[in-house]
Amino acid sequence: MRLLFLGDVVGRVGRQAVIAKLPELRERYRLDFVVVNGENSAGGFGITEAICTDLIDAGADVVTLGNHAFDQKEALVFIERYPQLVRPINYPKGTPGRGASLIKTPAGMEVLVINAMGRIFMAELDDPFRAVDAEIAKYALGRSAHCILVDVHGEATSEKQSMGHHCDGRVTAVLGTHSHIPTADCWVLPGGTAYQTDVGMCGDYDSVIGMKKEAAVLRFIRKMPGDRLTPAEGEGTLCAALFETDDKTGLAKSVRPIRVGGRLPPAS
Ligand SMILES: [Fe+2]
Ligand SMILES: [Fe+2]
């Protein structure tokens, strides 16, 4: 199978990049499955039902979330109706929605997508390592799940890299989100798991992690409340990881970064 995983979509320009480019990428790379992180798709904070359906209509098979999952309160309700919408698995018991979803492709392949949130410099959720272990223990990679993708949503590179090694050989891919900056470590780990610490955002890079740079910079200079952070409005760059799996084992054969449009130079 060939899969594409797109990093955090930030605001309108991020959505426009995905909506404009994803259908063409699906064709060009003959994609079997697409996952998009949508935690910042509504004005930089959370996701609405209308935006979720826009991303699905553009070609997302699953939309993952993160610490901003419920910034738009309506997500607490509509998430229950969308098996394609996945929030971090290590939220406390009783949190609306699901932390993992098994979706069947038109070709009959079963793809498990797990969203797990780190705890370093982030909210103290349950242990993401144990939560991921418990979920992947329900499946046999290559048989009951032909592909298992873990979206590791975290701030600390060490914690995300640890999740990669912890899952190596047991899942198809561990791909990072949340920092909004693509890292230069996209490779297949020794055990056969595709890995990148952060795939980068889909948004305007002439910004501070997707938000207008003037207000964001002033926050660091003046230690007092300033303008509200709003998404930057220049052309968005679509950032993603493209990976191919071995249908027999469910492990990754290859992975590479994809960058399309906007100001950030192409990945290769
Ligand atoms: Fe984000
Ligand atoms: Fe985040």
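Owing to the predicted nature of the structure, the values given are computational and were not obtained by experimental measurement. Start at 1 and go down the list; that is how both ligands and their atoms are numbered.
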task = Could you tell me whether the side chains of Asp32 and Thr105 share a donor-acceptor contact shorter than 3.5 Å?
result = no
inquiry  = If you consider just the N/O/S atoms, which atom of Asp8 is the closest one to the Fe ion (ligand 1)?
reply    = OD2
Pairing of Asp204 and Lys213 as salt bridge, 4.0 angstrom limit = no
Angle subtended at the Fe ion (ligand 2) by ND1 of His178 and NE2 of His153, nearest 10° = 100°
ask   = So, Asn40 and the Fe ion (ligand 1): N/O/S under 2.8 Å, yes or no?
value = yes
inquiry  = Closer than 4.0 angstrom, basic N to acidic O: yes or no for Arg170 and Asp133?
reply    = yes
ask   = Quick check: does Glu39 have an N/O/S atom under 2.8 Å of the Fe ion (ligand 2)?
value = yes
ask   = Does a salt bridge link Glu235 with Lys21, judged by any charged N lying under 4.0 Å from a carboxylate O?
value = yes
